[in-house]
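Take a look at the structure below.
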Amino acid sequence: MKKIGLLFLTILFIGFGCQKTKIGYLVTKNAEYIPNSIVVRKNLDPEQDAKRIMNKAPWISPKIQGVLGTNPINYEIVDIVASAGGDAAIFKKYLTIRGAGLMELPLYSKVPSGKYLISIKAYNEGYEAIIKDAFTFIVE
């Protein structure tokens, strides 16, 4: 009887004890950019944009806030919606995203004037979430 009980416990342990547990987490319910938009001037102002021109500094969004999870957390652009004369396909060629969700648009580009609404994906090992309409670039 003891052998049957021990055998049962061994099978139970192997059956349930060796299951792979998903490690980590990713929470994006409070994810947001503050501020959530930037105005990109195609015609740079020599006074207002003097440092940007001197350093050839790109237009950069702030870091995304409110994303919690196991590091490393990566980001990817998943959708761009253009309006007010914009062209999403052209904009996508120039826009990049890097660590902390920073999005970067070169100082000089052939992006047409318009409004560009960006949706991104945050992901880490085993988890991913889409953050819809996360940030807006307004190109004037």
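Nothing here was measured: the structure is a model prediction, and the numbers come from that model.
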Show every side-chain hydrogen bond (donor to acceptor under 3.5 Å, both in side chains) that has at least one partner inside residues 102-124, sequence neighbours left out.
Arg98-Glu104
Side chain to side chain, [X] and [Y], heavy atoms closer than 4.5 Å:
X      : Y      : value
Leu95  : Ile118 : yes
Ile97  : Leu102 : no
Val67  : Ile73  : yes
Ile130 : Val78  : yes
Val40  : Leu105 : yes
Val39  : Glu140 : yes
Leu107 : Leu44  : yes
Tyr33  : Lys63  : no

Quick one: [atom1] on [X] to [atom2] on [Y], what's the gap to the nearest 0.5 Å?
X      : Y      : atom1 : atom2 : result
Tyr127 : Glu125 : OH    : CD    : 9.5 Å
Asn71  : Leu26  : CG    : CG    : 10.5 Å
Asp133 : Ile131 : CG    : CD1   : 11.5 Å

Phe91 and Phe137: ring pair (Phe, Tyr, Trp, His ring centres under 6.0 Å), yes or no, with the steps?
CA-CA 10 Å; Phe91 191 83; Phe137 283 86; 5.4 Å; yes
Looking at every non-hydrogen atom in both residues, tell me the closest pair between [X] and [Y] and how far apart they are.
X      : Y      : answer
Tyr75  : Ala122 : CE2-CB, 3.7 Å
Pro58  : Pro106 : CB-CA, 4.1 Å
Pro112 : Asp87  : CG-CB, 3.7 Å
Pro46  : Ile53  : CA-CD1, 4.4 Å
Phe135 : Ser37  : CE1-N, 3.4 Å
Ala88  : Ala82  : N-CB, 3.6 Å

Side chain to side chain contact (heavy atoms under 4.5 Å, CB included) between Leu117 and Ile80, worked out:
CA-CA 6 Å; Leu117 193 56; Ile80 299 173; over 6 Å; no
More than 12 heavy atoms of other residues, nucleotides or ligands under 6.0 Å from NZ of Lys42: yes or no?
yes
Ile38-Val111 co-clustered via ILVMFWY side chain contacts under 4.5 Å:
yes
Determine whether Ile90 and Ile77 fall in the same hydrophobic cluster, where Ile, Leu, Val, Met, Phe, Trp and Tyr are linked whenever their side-chain heavy atoms lie under 4.5 Å apart.
yes
Please report the C-alpha distance between Met103 and Thr96 in whole Å, then the side-chain angles of each, then the deciding distance to 0.1 Å, and finally whether the side chain to side chain contact (heavy atoms under 4.5 Å, CB included) criterion is met.
CA-CA 6 Å; Met103 287 183 271; Thr96 58; over 6 Å; no
Can you tell me if Asn55 uses its side chain to pair, donor with acceptor, with the backbone of Ala57 under 3.5 Å?
no
With sequence neighbours left out, the residues meeting salt bridge (charged side-chain N to carboxylate O under 4.0 Å, His left out) with Arg52 are none
With side chain to side chain contact (heavy atoms under 4.5 Å, CB included) as the criterion, how do Arg41 and Gln48 come out once you've worked through the C-alpha distance, each side chain's angles and the decisive distance to 0.1 Å?
CA-CA 10 Å; Arg41 290 177 294 284; Gln48 188 176 3; 3.9 Å; yes
